[in-house]
There are 2 protein chains.
Amino acid sequence: MKHRHTHDGRGRPFAAHEDFSGHHGFHPHSHPHALHDRPGRHGRGGGRHGGGRLFDYGELRLLLLAMIAERPWHGYELIKAIEERFGGSYSPSPGVIYPTLAWLDDMGYAAIEPVEAGRKRYRITAEGEAFLAANRAAADELLARVGPVGREGSEAVPAPMIRAMENLKLALRLRIQRGSIDAATAEAIAAALDAAAQTVERS
Amino acid sequence: MKHRHTHDGRGRPFAAHEDFSGHHGFHPHSHPHALHDRPGRHGRGGGRHGGGRLFDYGELRLLLLAMIAERPWHGYELIKAIEERFGGSYSPSPGVIYPTLAWLDDMGYAAIEPVEAGRKRYRITAEGEAFLAANRAAADELLARVGPVGREGSEAVPAPMIRAMENLKLALRLRIQRGSIDAATAEAIAAALDAAAQTVERS
DNA sequence: TCTTGATTTACGATATATCGAGATCTATAT
DNA sequence: ATATAGATCTCGATATATCGTAAATCAAGA
């Protein structure tokens, strides 16, 4: 396997112009004019309707890199996550997600975890971190615009709740494994769970 | 001839899913929104129940592999065992069990014991053990979700409990999505969950 | 033969990834 | 400054893989 398909966007895509400070050396100070000092279209406040682009030039790959910097994803997950973030009104086509991921891989910014059965899970590399750091300003601006994409339920849920949820989950698992749950016991447990659900509901 | 794909599939598994704040869990066949079924051809087949999946991507073959790692089974036994584990509310169709077993065989993860009267009994191989070890985290999470399948003393989870668990899970998910959980609210919810856990524990 | 265990085949739906055509933007040469 | 080339975003169509149901088929036993 490992068939490097001959894709147009691959190989060595934008070579000459963007000084991407990728390999050999890389000075953090003399930061390249990579992605964030593009005068003119900054906050994209214009709201250009109909067919306008959601992401400007290097933005999509920056967003993907920032997302896989948090945790590994695979392409379909990224599509669904971004789609959900935009409330379903926009969903990046696979035709742009997968080539971008492949590009990140080719550049050494992301690597494919060995996976099973057709799913490629990408994780960030050291070079990717460096690139992300070099473009942190643009990345932060992007994440601020898009909002929290990956950390939906982990950052927002308070710790005590997570602890209690894990606790209950474990108790249920142990109880089920113990076996011998008669009808009355099942009803009692169900009632307790329903009571908790009601408390949650009107909290 | 059925060309079984040659996949190496080695290495890290997929991410572990949360039971509560996550997506999938214990639901036998409860899905949020049913998609419309086309009233088209009569013929045969046709999933009028295509919605919620119990196992996502590589989970079924992991479960089967984990089961035959304990002792050899044949397909029908696996179907019945899983069905009993879910209290009869769900039973994996043979159309998914047998191809998966054939896949495990082709991959070298399982082997067919000498056929006895029309049935094929599968046992795990060394490669299968290696694969299972590589995906231990996901496998354990799966077994925890499904419960101890095939061991003696295993009984089905009563329907009221499953319903109540689903109910609580949904309530928590909705509450988390609503956001704005201050510390006091979190404590109240955690206390309710802990109370339920205690009830479960001494039931 | 009829029933029951056990497997195979057919078909559909979803998940995941690949490929191709077209539109738009940026950079660079003229 | 304009033209051109190339890179990137976007949509779709397509290709597999896997999960799913239901019927058809096959192999013993009553």
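Protein chains get the first letters and strands the later ones, always in sequence-line order, with residue 1 at the start of each. The figures here come from the full heavy-atom set of this structure, side chains too, leaving out hydrogens, waters and symmetry mates.
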Would you check if A/I82 and A/L63 make a side-chain contact, meaning some heavy-atom pair closer than 4.5 Å? yes

Nearest whole angstrom, please: distance from the P of D/dT18 to the CG of B/L142. 15 Å

Measure from CH2 on B/W103 to P on D/dA17 and round the result to the nearest Å. 11 Å

Under-4.0 Å salt bridge between A/K80 and A/E83: yes

Write down the protein N/O and nucleotide N/O pairs, taken from nucleotides 3-6 of chain C, whose separation is under 3.5 Å; answer none if there are no such pairs.
residue	atom	partner	partner atom	Å
C/dA6	OP1	B/R119	NH1	2.4

Taking the minimum atom-to-atom distance to the side chain of B/Y57, which one of C/dT16, D/dT10, D/dG20 wins? C/dT16

Carefully, step by step, assess B/R136 and B/E141 under the rule salt bridge (charged side-chain N to carboxylate O under 4.0 Å, His left out). CA-CA 8 Å; B/R136 162 103 65 170; B/E141 207 263 342; over 6 Å; no

With the side chain defined as heavy atoms from C-beta on, A/T100 is closest, among D/dC19, D/dC9, D/dG12, to D/dC9

Separation of C/dT14 atom C1' from A/E83 atom CD, nearest Å, is 14 Å

From CG of B/L60 across to P of D/dA17 the rounded distance in Å is 17 Å

Check whether A/W103 forms a cation-pi arrangement with A/R61 (NZ or CZ under 6.0 Å from the six-membered ring centre, at most 45° off the ring normal). yes

Tell me the interatomic distance from A/I112, atom CD1, to C/dA17, atom P, rounded to whole angstroms. 9 Å

A/I97 has an atom CD1; how far is it from atom C1' of C/dT16, in whole Å? 13 Å

Between P of D/dT10 and CD1 of A/I82, the distance in whole Å: 10 Å

Protein-nucleotide distance (A/L78, atom CG; D/dT10, atom P), rounded to Å: 14 Å

Taking only side-chain N and O atoms of B/S93, does any of them lie within less than 4.0 angstrom of OP1 or OP2 on D/dT21? yes

Does this structure show an ion pair linking A/K120 with A/D105, if we count only N-O contacts that are shorter than 4.0 Å? no

Residue A/P94, side-chain heavy atoms: nucleotide from D/dT10, D/dT21, C/dT18 that is nearest: C/dT18

Any side-chain N or O of B/R53 less than 4.0 Å from the OP1 or OP2 oxygen of C/dA13? no

Quick one: list whatever passes salt bridge (Lys or Arg N to Asp or Glu O under 4.0 Å) with B/R123, sequence neighbours left out. none

Do B/E77 side-chain atoms and B/H74 backbone N/O form a donor-acceptor pair below 3.5 Å? yes

